[in-house]
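The next block holds one structure in the form of structure tokens; read it before the comments.
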Amino acid sequence: LKLPRPPTPSPSRLPDRPPGRHRPSAAMSADRRWPRTAVALASAAAAAMLPAARAIYLPGMAPIQYDEGSVVDLKVNKLTSVKTQLPYAYYVLPYCQPDKVQDSVENLGEILVGDMIENSPYGIHMLKNTTCQVLCRKMLTTEQKDKFRSMIEDEYLVNWLVDNLPAATRYTRRGADTAFTYMNGFPVGIEKNGKYYVHNHVKLLLQYHASPYDYEGYRIVGFEVEPHSMVQAVRSDPAEPSGLAGMCHEGAATPLYDLDAHNDIVFTYDVLWLESEHRWASRWDNYLKMTGGQIHWFSILNSLMIMLFLSGMIAMILLRTLYRDITKYNELATAEEAAEETGWKLVHGDVFRKPRFSKLLAVSVGSGMQILGMSVVTLVFALLGFLSPAHRGALLQSMMLLFTFMGILAGYTTSRFYKVFNGDDWKSTTLLLAFFYPGIMFIVFFILNLFIWGQKSSGAVPFTTMFALLVLWFGISVPLVFLGSYFGFRRDPITLPVRTNQIPRQIPAQAWFMRPIFTCMVGGILPFGAVFTELFFIMSSLWQHQFYYLFGFLALVLCILLVTCAEISIALTYFQLTSEDYNWWWRSFFSSASSAVYVFLYSMFYFSSRLNIDKLVSTILYYGYMFLISLVFFLLTGSIGTMASFSFVRVIYGSIKID
């Protein structure tokens with residue numbers, strides 16, 4: 001990858017503000033407003049009716065218009081590294097600081113991911129180009145040099161923001177003059193032949209869009225950074241804000257800034273404004289092109305076709321076989337035929353027998369439905385554009401709040417299932433639901449946070465935020481779980497089509513391929529295959545700091561996953577009952593939930609093939625968070641399988657005549 005060098009336009013290329021620009025009259029504005037409103041309403045209606053593959057972003061933020069010469073703030077965010085996964089505050093390195101460092105107000109999601117947005121001393125003014133503007137000159141201590149070396153070795157990236165747009169670095173693809181890609185942020189420096197070169201000069205390429213008939217002023221639609229390492233010539237100049245004036249020379253003859261050869265460092269920057277045809281609504285397109293959309297299309301369509309084919313095949317086999325079985329069982333049988341009767345009808349007196357650890361099964365199904373409810377509502381908001389990448393931290397914050405409020409659904413589902421098992425200890429069941437799985441997740445998260453805190457990383461969640469999470473858990477989630485359980489236990493129990501015998505039937509010897517471990521591991525392959533493609537993009541978003549925006553694809557994959565989990569659990573439950581084994585409750589859960597094992601195994605493959613993590617703490621963080629993701633996937637898929645199998649068993653035993 002090589003950094004391109006766009007031509008530097010002369011100041012005369014900057015468009016002057018049109019003379020006599022004025023705000024359109026009220027009548028003129030009304031005439032233009034009506035067609036725009038009609039088009040907006042028609043677009044929203046079409047977006048609601050048509051299945052979208054990409055999220056449609058409604059305007060969640062109002063655009064900002066800047067007048068010529070007005071101040072444009074450049075804010076700094078955390079330093080990030082794919083190699084360590086440990087973010088650090090920007091001013092951990094000896095960069096130039098403003099007179100007073102001020103933190104921006106952050107939401108819960110931003111705090112959890114370690115964002116630290118602060119102000120900076122960069123002076124940027126709308127449509128005002130600057131060249132080699134000196135920011136500051138700093139003397140470097142041995143400790144600060146070591147910090148620079150460590151950050152460069154770990155491939156840390158600098159993240160800036162202008163008008164809520166993150167800084168992007170454009171790279172041209174090797175062997176192609178026109179094709180290029182964008183990377184979020186820019187490197188702290190580079191290491192070559194054992195020498196460390198700090199990027200102490202940056203070109204800020206800012207793109208703007210103007211539409212005099214729609215609004216006054218200019219809107220920022222692009223923010224690119226070109227990092228350079230150079231030794232600048234500096235002289236004293238009281239007229240400059242920093243008291244210094246610099247001369248920056250580019251080219252092969254210009255020496256790079258070698259960290260070991262200097263005891264001081266000068267930070268300079270250029271500002272270049274370029275007019276763009278891109279509108280404000282589409283200014284995120286460059287960032288969303290960081291991942292290959294065409295590859296994603298072909299992969300997801302391939303996965304969709306395979307899953308639909310397998311699901312249709314399973315459904316056809318089950319429907320034909322079930323129709324033949326139910327017809328045979330409902331025919332008037334002789335005494336000899338009744339004596340020779342085999343199949344799933346024989347276990348009708350045991351099929352709804354209470355399983356072992358029934359309380360834990362009910363809690364697991366309830367927790368899975370809580371995760372499913374959270375996922376569905378989150379995807380609906382994401383498809384409507386409320387959780388676009390422009391709203392940093394909104395996705396994680398929404399998931400946290402929705403998981404909390406879905407506690408009422410978890411309590412209701414668990415209580416309904418527990419009543420099927422004739423359970424009466426509703427208090428301990430509800431307490432187990434409220435604290436067991438959330439407790440596991442919180443303990444793992446707390447231990448991982450201690451590791452991050454030990455590394456003095458900005459990714460460590462403050463104890464005040466940890467307390468806020470506990471308030472969400474104990475103050476909102478737990479009462480909602482009890483409320484849902486109260487409603488569930490007050491309702492009449494679910495009617496079962498057959499009675500359970502007092503004496504359990506003996507289960508005949510099973511073939512090796514009907515053993516629980518084999519059937520469950522085979523059953524998990526299909527749900528994992530449904531999410532395999534999307535899992536790669538999600539993990540790239542999590543661990544390689546790429547933007548994820550294909551919520552339409554994700555919604556499609558979730559639908560495929562639900563259908564696949566339901567059908568594979570139904571199929572395996574049917575084959576198990578046909579072999580006269582009525583212990584299907586837990587088997588139906590693990591048949592689809594075992595796909596979480598494949599998710600975790602895939603995370604191990606991804607770790608070894610895609611990531612260059614070599615530090616112990618970073619490895620612990622990776623596998624700790626992937627364990628939590630696998631646990632969530634385990635509960636989600638397992639609950640879908642159990643719910644589908646329970647409905648299936650009720651239907652088939654309600655369709656035959658039982659003497």
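Count residues from 1 along the sequence. From a predicted model like this one, the values you see are computed outputs, not experimental measurements.
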Interatomic spacing from [atom1] in [X] to [atom2] in [Y] - rounded to 0.5 Å:
| X | Y | atom1 | atom2 | value |
| --- | --- | --- | --- | --- |
| Leu401 | Ser477 | CG | OG | 11.5 Å |
| Leu204 | Glu226 | CG | CD | 10.0 Å |
| His125 | Asp67 | NE2 | CG | 13.5 Å |
| Met466 | Leu112 | CE | CG | 8.5 Å |
| Gln97 | Leu135 | CD | CG | 11.0 Å |
| His278 | Trp284 | NE2 | CH2 | 15.0 Å |

Taking the side chain as everything from C-beta on, heavy atoms only, tell me whether [X] gets closer than 4.5 Å to [Y].
| X | Y | result |
| --- | --- | --- |
| Met400 | Leu469 | yes |
| Leu472 | Leu108 | yes |
| Glu224 | Gln207 | yes |
| Asn184 | Leu157 | no |
| Gln133 | Val271 | no |
| His199 | Val158 | no |
| Asn119 | Val101 | yes |
| Gln544 | Met539 | no |

[X] side chain vs [Y] backbone, donor-acceptor pair below 3.5 Å:
| X | Y | result |
| --- | --- | --- |
| Asn159 | Lys78 | yes |
| Ser541 | Phe537 | no |
| Ser229 | Tyr257 | yes |
| Thr378 | Met399 | no |
| Ser81 | Asp154 | yes |
| Glu110 | Asn107 | yes |
| Gln85 | Val82 | yes |
| Asn129 | Trp273 | yes |
| Thr80 | Pro87 | no |
| Asn77 | Met116 | yes |

Between Asp163 and the options Phe223, Trp280, Tyr208, the side-chain contact (heavy atoms from CB on, under 4.5 Å) test singles out Trp280
Closest non-hydrogen atom pair, [X] against [Y]:
| X | Y | answer |
| --- | --- | --- |
| Thr169 | Pro227 | CG2-CD, 4.2 Å |
| Gly217 | Gln65 | CA-CB, 4.5 Å |
| Val221 | Leu165 | C-CD1, 3.8 Å |
| Ala555 | Leu379 | CA-CD1, 3.8 Å |
| Tyr269 | His201 | N-ND1, 3.8 Å |
| Leu396 | Gly109 | CD2-O, 3.9 Å |

Relative to each other, are the rings of Tyr215 and His209 parallel, tilted or perpendicular (30° and 60° limits)? tilted
Angle class for the Phe148/Tyr95 ring planes (parallel below 30°, perpendicular above 60°, tilted otherwise)?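 Ring orientation of Phe148 relative to Tyr95: perpendicular.
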Please lay out, stage by stage, how Val266 and Arg137 fare under the test side-chain contact (heavy atoms from CB on, under 4.5 Å). CA-CA 4 Å; Val266 178; Arg137 184 176 191 173; 3.8 Å; yes
Side-chain H-bond candidate by donor/acceptor type, [X] with [Y], under 3.5 Å:
| X | Y | answer |
| --- | --- | --- |
| Ser458 | Tyr90 | no |
| Thr84 | Tyr156 | yes |
| Arg392 | Asn164 | yes |

Take atom OH of Tyr66 as the centre, draw a 6.0 Å sphere, and report whether it contains more than 12 heavy atoms from other residues, nucleotides or ligands.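 More than 12 heavy atoms, drawn from other residues, nucleotides or ligands, come within 6.0 Å of this atom.
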For Lys75, look at atom NZ and say whether over 12 heavy atoms of other residues, nucleotides or ligands are found less than 6.0 Å away. no
Tell me, with the steps shown, if Leu86 and Ser618 meet side-chain contact (heavy atoms from CB on, under 4.5 Å). CA-CA 7 Å; Leu86 292 169; Ser618 303; 4.2 Å; yes
Under 6.0 Å between the ring centres of Trp543 and Tyr606? no
Which residue pairs pass the salt bridge (Lys or Arg N to Asp or Glu O under 4.0 Å) test when at least one of the two sits in residues 89-104, sequence neighbours left out?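 Applying salt bridge (Lys or Arg N to Asp or Glu O under 4.0 Å) to every pair that reaches into residues 89-104, excluding sequence neighbours, yields nothing.
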Regarding Arg219 and Asp214, does a basic nitrogen lie under 4.0 Å from an acidic carboxylate oxygen?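 Looking at Asp214 together with Arg219, the answer is no, because their closest N to O distance does not fall below 4.0 Å.
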Given Tyr122 and Trp160, is the ring-ring contact (aromatic ring centres under 6.0 Å, His included) satisfied, shown in steps? CA-CA 11 Å; Tyr122 285 87; Trp160 288 347; 5.0 Å; yes
After noting the C-alpha distance and the side-chain angles of Val92 and Met151, does the key distance pass the side-chain contact (heavy atoms from CB on, under 4.5 Å) rule? CA-CA 10 Å; Val92 164; Met151 291 286 189; 4.3 Å; yes
Start with the C-alpha distance between Leu562 and Leu372, add both sets of side-chain angles, then the distance that settles side-chain contact (heavy atoms from CB on, under 4.5 Å), and finish with yes or no. CA-CA 10 Å; Leu562 298 183; Leu372 177 62; 3.9 Å; yes
